[in-house]
Number of protein chains: 2
Amino acid sequence: MQNEIAILREHLADHELRVTSQREMILETFLKMEHVTAEQLYHALAKHKPHIGLATIYRTLNLLCECGLAQQRNFGTQTHYDNISRKGHHDHMICTKCGTIIEFENCDIEELQEEVARQHDFHITTHKLELYGQCSTCHG
Amino acid sequence: MQNEIAILREHLADHELRVTSQREMILETFLKMEHVTAEQLYHALAKHKPHIGLATIYRTLNLLCECGLAQQRNFGTQTHYDNISRKGHHDHMICTKCGTIIEFENCDIEELQEEVARQHDFHITTHKLELYGQCSTCHG
DNA sequence: CTTTCTGCAAAAGCTTTGCATTACA
DNA sequence: TGTAATGCAAAGCTTTTGCAGAAAG
């Protein structure tokens, strides 16, 4: 966690932006949760003093994406934000019945992605893989 | 194309919905385009008589998703709709510099996805894979 | 002290919905 | 001739933006 805060601070310094208690508090809470929405963060921080507005949450989440700590995902109607620094890249299975989200990682798939990219002379910087279907409790 | 119209008609019949000139016209235009937005379809059909409203486009695109002819994708801010019946499933590389979208298909990746799903006792019904980066003309 | 940040409220986009009219079956 | 579909406009949601006051450097 100290590491992530350092990354954020460095990014802020590089862009002549300021370290604020809100930004650090949002990052701290973000790191404790998984594929979170802005709304969820807002509620998680509701008791915080001083009060943190939704606009600040969005602004800070965009900052986190810029410095490589977070990545946006569009599962349903709302945008989810994923921590990609600590756990490394991972992908998702989404149960379309109960909404459960299972995270997984697979190096072989990533390897094949690189191969496909090479065939098209394309340089991958990031990717998103989502499997939709039914989880074990939902397909009887 | 006759095939897709048949699929739509069957879906409509099964659900006691009606065949209309708008629905068939929207499907016909949809099949001619790639990863299209509702807005783009609306403009493509602007000259059509009678005039087709944006709400009808959205309603019909949702129908096409329900009967397996289309799939939603969230590339940027707008939702794109993909034809998944004729070409089978395919995935995308998106150039973050120029916005070019390259389509590809890779059976080996799909094979590995099934394997990962089996490990988690998960049944895949559909998936989305997007590779972000720079295309050949953008990475010098 | 200057410039950035914040919270609030208003605005902006995309998509959905309500309703009167039109059109399918 | 009854029910569903359409077009329009209004509403709904999520996200962004403008602005005056607060805070960082």
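Residue numbers begin at 1 in each chain, while the letters A, B, ... track the order of the sequences.
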### Query
Quick one: B/Glu39 CD to C/dT16 P, roughly how many Å, whole number?
14 Å
## Note on the structure
Rounded to whole Å, the CG-P distance (B/Leu64 to D/dA5) equals 14 Å
## Note on the structure
Side-chain atoms of A/Arg18 come closest, of D/dG2, C/dT6, C/dT3, to C/dT3
### Query
Is any side-chain heavy atom of A/Asp91 less than 4.5 Å from a side-chain heavy atom of A/Arg73?
yes
### Query
OP1 or OP2 of D/dT14 less than 4.0 angstrom from a side-chain nitrogen or oxygen of A/Asn74, does that happen here?
no
### Nucleotide C/dC5, atom C1' - distance to CG of A/Leu27 in whole Å
17 Å
### Task
Could you tell me whether the phosphate oxygens of C/dG7, OP1 or OP2, come under 4.0 Å of any side-chain nitrogen or oxygen in A/Gln22?
yes
### Message
Mind checking if A/Thr37 touches a base, just sugar-phosphate, or nothing, with heavy atoms under 4.0 Å?
### Response
nothing
Pull out every protein N or O sitting under 3.5 Å from an N or O of nucleotides 8-11 of chain D, one pair per line with the distance.
none

### Message
Rounded to whole Å, please give me the gap between CG in B/Asn62 and C1' in C/dT15.
### Response
9 Å
### Query
With respect to the side chain of B/Val19, which nucleotide from D/dT6, D/dA4, C/dA25 is positioned closest?
C/dA25
## Note on the structure
By nearest-heavy-atom nucleotide on DNA chain C, the more 5' of B/Ala38 and B/Ser21 is B/Ala38
### Query
Which whole-number value in Å describes the distance from A/Ile57 CD1 to D/dT14 P?
15 Å
### Message
From the set C/dC5, C/dG7, D/dT6, return the single nucleotide nearest to any side-chain atom of B/Thr20.
### Response
D/dT6
### Message
Are the side chains of B/Ile84 and B/Leu69 in contact, using a 4.5 Å heavy-atom criterion?
### Response
no
## Note on the structure
To the nearest angstrom, the CZ-P distance between A/Arg23 and C/dG7 comes to 11 Å
### Query
B/Asp14 versus B/His11: any side-chain heavy-atom pair under 4.5 Å?
no
### Query
Can a donor-acceptor pair be found between the side chains of B/Ser85 and B/Asn83 at a distance below 3.5 Å?
yes
### Message
Please report the distance, rounded to the nearest Å, between OH in B/Tyr58 and P in C/dG13.
### Response
13 Å
### Query
Of all the choices, C/dT15, D/dT14, C/dT6, which nucleotide is nearest to the side chain of A/Gln78 once you look at every atom?
D/dT14
### Message
Aromatic contact between A/Tyr42 and A/His48, with the criterion being ring centroids under 6.0 Å apart: yes or no?
### Response
no
### Task
Determine the sole option in B/Phe75, B/Tyr132, B/Phe104 for which the ring pair (Phe, Tyr, Trp, His ring centres under 6.0 Å) test with B/His92 is passed.
B/Phe75
### Query
What is the distance from CG of A/Leu54 to P of C/dC8, rounded to the nearest Å?
11 Å
### Query
Stepwise, does the side-chain hydrogen bond (donor to acceptor under 3.5 Å, both in side chains) test hold for A/Thr60 with A/Gln22?
CA-CA 9 Å; A/Thr60 303; A/Gln22 286 94 331; over 6 Å; no
